[in-house]
Protein chains: 2
Amino acid sequence: MSEFKPLDPLLHSQLRLAVMSLLIAVEEAEFTFLKEKTESTAGNLSVQLDKLEKAGYISIEKSFRGKRPLTTCKITSKGLQAFEDYVENLKKYIQ
Amino acid sequence: MSEFKPLDPLLHSQLRLAVMSLLIAVEEAEFTFLKEKTESTAGNLSVQLDKLEKAGYISIEKSFRGKRPLTTCKITSKGLQAFEDYVENLKKYIQ
DNA sequence: ATAAATAGGTTTACAATATAAACCATTTTA
DNA sequence: TAAAATGGTTTATATTGTAAACCTATTTAT
């Protein structure tokens, strides 16, 4: 697409885009925080976080808070760049 | 999604969004024009135009130019409204 | 002490979507 | 008149998105 540049399919997804949007704002977020803010199911969120991590767009750290598992996510510089590029491209679709 | 409102799945698709974007600009476009501008295959475009028409977002008129079939598309007021809503919602994802 | 509920997820099965390949009818060109 | 081009549609396949089912451990209720 000449004037319509391809939209990164990893970001052109409602839930993944919402996650990235949140991570840009807070720079570090727990799984449960993302789940609440996006109103997604845990299963769906888990899958989408995996994809973002595999793309190198976020990093995921697994630890414990007290005795409970804790999953923490951060956006990477690659992820930030991808997001910015995505937004730039998207703008040409929506004026 | 509370702060992230659902994105109309009919519009949250690269090719359909590009088509709508074009139709907003020109207000009437031929199949081949859309095909060239979006750099899509005819098959894919045909399918996506059908979906937009079934949603009532565009109207499709079939006629002949000389002896050749001619498919012409227009955006409807419903389509325009849906596009505007989509953009409004999308903005909250991308700041 | 034990059962039930909650927390914090992951895995998996299925439905929906996107896409290109194959196809079709007609027309034009060689 | 055979081959190529036009203007698409249909269909098969691959990819994706999503929720249901599941899992392990912890906390609460009885």
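By convention in this document, chain letters (A, B, ...) are assigned in the order of the sequence lines, proteins followed by strands, and residues within each chain are numbered from 1. As the structure is a computational prediction, the values presented were derived from the model and not from experiment.
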Expressed in angstrom and rounded to an integer, what is the separation of [X] atom [atom1] from [N] atom [atom2]?
X: A:Glu36; N: C:dG9; atom1: CD; atom2: C1'; result: 14 Å
X: A:Glu53; N: C:dG9; atom1: CD; atom2: P; result: 13 Å
X: B:Leu49; N: D:dT10; atom1: CG; atom2: P; result: 13 Å
X: A:Leu45; N: C:dT11; atom1: CG; atom2: C1'; result: 15 Å
X: B:Leu52; N: C:dA18; atom1: CG; atom2: C1'; result: 13 Å
X: B:Leu17; N: C:dT19; atom1: CG; atom2: P; result: 12 Å
X: A:Lys54; N: C:dT10; atom1: NZ; atom2: P; result: 11 Å

For A:Asp50, which residues count as a side chain to side chain donor-acceptor pair (under 3.5 Å) partner, sequence neighbours excluded?
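A:Asp50 satisfies side chain to side chain donor-acceptor pair (under 3.5 Å) with no other residue.
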Go through the structure and list residues passing side chain to side chain donor-acceptor pair (under 3.5 Å) with A:Gln81, not counting sequence neighbours.
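Applying side chain to side chain donor-acceptor pair (under 3.5 Å) to A:Gln81 gives A:Asp85.
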Look at the side-chain N and O atoms of A:Lys62 and state whether any lies under 4.0 Å from the OP1 or OP2 oxygen of C:dT10.
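Yes, such a contact exists.
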Quick check: do B:Gln48 and B:Lys51 have side-chain heavy atoms less than 4.5 Å from each other?
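B:Gln48 vs B:Lys51: side chains touch.
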So A:Leu17 and B:Phe4, do their side chains get closer than 4.5 Å, heavy atoms only?
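They are not in side-chain contact.
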Can you label the angle between the A:His12 ring and the B:His12 ring as parallel, tilted or perpendicular, going by 30° and 60°?
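The arrangement is parallel - the two ring planes meet at less than 30°.
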Tell me which residues in residues 65-73 of chain B put a heavy atom below 4.0 Å from DNA chain C, sorted by number, or none.
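Those residues whose heavy atoms fall under 4.0 Å from DNA chain C, taken from residues 65-73 of chain B in numerical order, are B:Lys67, B:Arg68.
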Neighbour count >12 (heavy atoms, 6.0 Å) for atom CD, B:Gln95
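More than 12 heavy atoms, drawn from other residues, nucleotides or ligands, come within 6.0 Å of this atom.
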For B:Glu28, salt bridge (Lys or Arg N to Asp or Glu O under 4.0 Å) partners two or more places apart
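B:Glu28: salt bridge (Lys or Arg N to Asp or Glu O under 4.0 Å) contacts with B:Lys74.
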How does protein reach along nucleotides 14-20 of chain D, written 5' to 3' as B (base within reach of a heavy atom under 4.0 Å), S (only sugar-phosphate), or - (no contact)?
---SBBB
Sequence neighbours left out, cut at 3.5 Å: what donor-acceptor pairs do the side chains of residues 62-69 of chain A make with other protein atoms?
residue : atom : partner : partner atom : Å
A:Lys62 : NZ   : A:Thr71 : OG1          : 3.2
A:Arg65 : NH1  : A:Glu30 : OE1          : 3.4
A:Arg65 : NH1  : A:Glu30 : OE2          : 2.9
A:Arg65 : NH2  : A:Glu30 : OE1          : 2.9

Identify the heavy atoms of B:Leu23 and B:Cys73 that sit nearest to each other, and give their distance.
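Shortest heavy-atom separation between B:Leu23 and B:Cys73 comes out as CD2-O, 3.6 Å.
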